[in-house]
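Note on naming: letters A, B, ... go to the chains in the order of the sequence lines (proteins, then strands), and numbering restarts at 1 for each one.
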Amino acid sequence: MIKIKNVTRKFGDFTAVDNISLEVAKGEVFAFLGPNGAGKTTTIKMLTTLLRPTQGEIFLDGHNVKENPAATRRSFGIVFQDPSLDNELTAYENMQFHAILYDLSKQLYTERIPKLLELVELTDRKDSYVKFFSGGMKRRLEIARGLLHHPKVLFLDEPTIGLDPQTRNHIWTYVRNLNKVEGVTIFFTTHHMEEVDRIAERIAIIDHGKIIAQGAPEEIRKSTGANNLEDAFISLTGHEIREEEGNVGQNIMKINRKLMG
Amino acid sequence: MRTIYILWLRQLKRFIRKRASLVGALGQPVLFLFALGFGLSPIYARAGEGDYIQFLAPGIIAMTILFTAIFNGVDLIWEKQFGFLKETFVAPVSRFSILIGKTLGGATIAAIQGVIVFLITLTAGFRPESLAMLPLAFLYLILIAFLFAALGTTIAARLDDMQGFPLIINFVIQPLFFLSGAIFPIVGLPKFLEFITKINPLSYGIDGMRYALSGANVFSPFVSLGVLIGVSIAILFVGAYQFSRVEL
Ligand SMILES: Nc1ncnc2c1ncn2[C@@H]1O[C@H](COP(=O)(O)OP(=O)(O)O)[C@@H](O)[C@H]1O
Ligand SMILES: [Mg+2]
């Protein structure tokens, strides 16, 4: 379903993703793990046509992502790590906008939207403007929106960041169900290892843009001799803490790159 | 079609909900209309050119459209920064439809503002030459709105943040406005200025509108129509290419 062949992505001189290769089978639940700044989001952006690889090839549902981005876009859905809602619209309007962009029939979306809003407990706020939402509410709405159309591949980039355990539980149950019932391939990133334990069939660990381990969670744990996945992850990626770079940092980097040529 | 409609509708909703900016955007044209209109009227009349308000009003309406259309196009930069553009860019919708939806949204808003300013010019003493010509004036108004909404969107596709925006306003949009015959006639100018006014598409928009509203023109109204449509198509081509290049 997903095939990444020797893909590299540079930002100026900096190599964010360094010659990675990966395959994800149809119907698989795949976890893509790594510390902050490892290159997870950059990889997902390349898979979803938002960034072009500097080198290498990507196939998604048989489409060459670089050469045929339009066809690729019909095959996937995504929940972004960063906000992507329209704050001037209501929760319902954001959902409806998405439904129409993805060409869902009115009958289908008027049935699905209330269910999803219920799932993320936003039913009573459906007509409030998103700009008045708290961070957690926005996050929940992003997820509900991402689950609205049922694609062949669903990308979830740190979907549950900042959410309470109950909500996380609801969401993963729903996602797993989507995978089991409709055969949707799931490609997700997270920092919560118990989520990985719970639903991932296979994982890859990326650090400094390179893939350093790949396999079933159990294999990875055994190969490092750790007691659990969390320890295995730490022993593979080291103990130092990585700072997350926000949008502000990235924009400054972009400007610098322009000034430096 | 449904996707273009929803993109258009979204922009209109945003416009209607931000009433403060709606009113704010009327400040500049009203100021120009009254300050220039009443300030320069006596000189204009003494030069034997007639009633300055009759000349100025189409220019001020076009100015409103120009700025509103560009600002609404450039809105795209905010969508990039606040992340919403990602949502539309990963959807199974061609980039060209997104460009068209965005442009039609901006153009509609600019056209609405243009009509509001037209009504304001009536209170300043402007009188259209003939009511029968109003539909033609409206056609020019829409074409100007479309052209500059497309231009704003295309420019925004190239910019990553608002930092480049003042540069665009000062070195592209203001000159387009001042060197277009909006506030003074473009006949008998020094050669260099005349050249600029002739390659400025806004000159043709204003001239066409002035023909329809005040019965005065420099270019043939058909030439003006042709230029507006031709330049719009050219901008859409460039915009479509820019859109296909955007990385988020
Ligand atoms: N647009 C960009 N310009 C410059 N550097 C970037 C850009 N996007 C990401 N990076 C850098 O690439 C690296 C990988 O980032 P990212 O893929 O977001 O990591 P992760 O999602 O694993 O936390 C980071 O060092 C980040 O700063
Ligand atoms: Mg990330």
Side-chain angles (χ1 to χ4, degrees), chain A residues 9 11 41-42 44-53 69-90 93-94 96-106 129-131 138 142 145-146 149 151 155 157 247-248 250-255 257-258, chain B residues 1-22 72 75-102 105 109 157-165 167 240 243-248:
Chain A
R9 171 69 204 207
F11 294 107
T41 299
T42 306
I44 290 182
K45 282 185 172 178
M46 288 191 285
L47 286 164
T48 54
T49 73
L50 289 177
L51 286 176
R52 277 180 297 275
T72 309
R73 287 184 202 119
R74 273 190 285 276
S75 300
F76 68 82
I78 177 168
V79 174
F80 296 103
Q81 180 184 353
D82 302 325
S84 65
L85 297 166
D86 186 336
N87 287 322
E88 303 291 332
L89 296 183
T90 66
E93 285 171 335
N94 267 285
Q96 191 184 28
F97 181 84
H98 184 92
I100 293 173
L101 277 192
Y102 285 82
D103 206 28
L104 302 190
S105 72
K106 183 160 187 167
Y129 289 117
V130 171
K131 61 183 164 191
K138 286 185 185 170
E142 296 248 8
R145 190 184 65 179
H149 73 290
F155 294 98
D157 196 356
N247 276 330
V248 178
Q250 273 188 17
N251 281 332
I252 290 170
M253 285 174 69
K254 277 185 191 169
I255 293 158
R257 264 186 296 131
K258 285 213 167 124
Chain B
M1 265 343 267
R2 215 167 149 226
T3 54
I4 292 178
Y5 167 72
I6 195 75
L7 286 160
W8 173 86
L9 185 67
R10 164 177 174 263
Q11 250 185 314
L12 233 69
K13 279 183 179 168
R14 290 171 64 98
F15 166 70
I16 292 164
R17 285 169 193 177
K18 284 199 224 159
R19 270 177 228 101
S21 67
L22 192 156
N72 273 286
D75 219 35
L76 192 76
I77 298 176
W78 293 121
E79 289 179 24
K80 272 187 195 174
Q81 291 204 310
F82 290 107
F84 183 73
L85 201 58
K86 290 198 295 267
E87 155 80 354
T88 28
F89 269 26
V90 295
V93 177
S94 74
R95 293 280 161 97
F96 190 68
S97 310
I98 300 176
L99 172 65
I100 296 288
K102 195 82 203 127
I109 295 166
R158 294 238 26 179
L159 300 176
D160 284 333
D161 49 57
M162 277 290 170
Q163 301 203 356
F165 188 56
L167 224 67
F243 261 54
S244 71
R245 305 292 308 159
V246 172
E247 292 196 314
L248 293 170

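A:S75 meets the side-chain hydrogen bond (donor to acceptor under 3.5 Å, both in side chains) test with A:D61; sequence neighbours excluded. Partners of B:L9 under the side chain to side chain contact (heavy atoms under 4.5 Å, CB included) rule, at least two apart in sequence or in another chain, are B:Y5, B:I6, B:K13.
Of all heavy-atom pairs between A:Y102 and B:P92, the closest is CE2-CD, 3.2 Å. The nearest pair of heavy atoms linking B:R2 to A:L104 is NH2-O, 2.8 Å. Nearest approach of A:L101 to B:T88, heavy atoms of both residues: CD1-CG2, 3.7 Å. Closest of all the heavy-atom pairs between A:F97 and B:R10 is CE1-CD, 3.8 Å. When all heavy atoms of A:S84 and B:G83 are compared, the closest pair comes out as CB-O, 3.3 Å.
Residues A:L85 and B:F84 are not in side-chain contact: their nearest non-hydrogen atoms beyond the backbone lie 4.5 Å or more apart. Annotation: side chain of B:F82 is not in contact with side chain of A:P83 (no heavy-atom distance under 4.5 Å). Between A:F76 and B:V90 there is a side-chain heavy-atom pair separated by less than 4.5 Å.
With respect to B:R17 and A:E93, a salt bridge is recorded, a charged nitrogen being found less than 4.0 Å from a carboxylate O.
Of the residues considered (A:H149, A:Q96, A:R52), A:R52 shows the highest number of contacts with chain B, using heavy-atom pairs under 4.5 Å. By number of non-hydrogen pairs under 4.5 angstrom with chain A, the leading residue of B:E79, B:R95, B:K18 is B:R95. Counting heavy-atom pairs closer than 4.5 Å to chain B, the top-ranked of the candidates A:L51, A:D86, A:I78 is A:D86.
Between the side chain of B:R14 and the backbone N or O of A:L89 there is no donor-acceptor pair closer than 3.5 Å.
To the nearest 0.5 Å, atom CD1 of residue B:I4 and atom CD1 of residue A:I100 are 13.5 Å apart.
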Next on the checklist: Evaluate A:M46 against B:E247 for side-chain contact (heavy atoms from CB on, under 4.5 Å), listing each step before the verdict.
Outcome noted: CA-CA 10 Å; A:M46 288 191 285; B:E247 292 196 314; over 6 Å; no
| message | Checking B:E87 against A:R145 for the salt bridge (Lys or Arg N to Asp or Glu O under 4.0 Å) test, could you report, in this order, the C-alpha distance in whole Å, the side-chain angles of both residues, the deciding distance, and whether it holds? | response | CA-CA 10 Å; B:E87 155 80 354; A:R145 190 184 65 179; 3.3 Å; yes
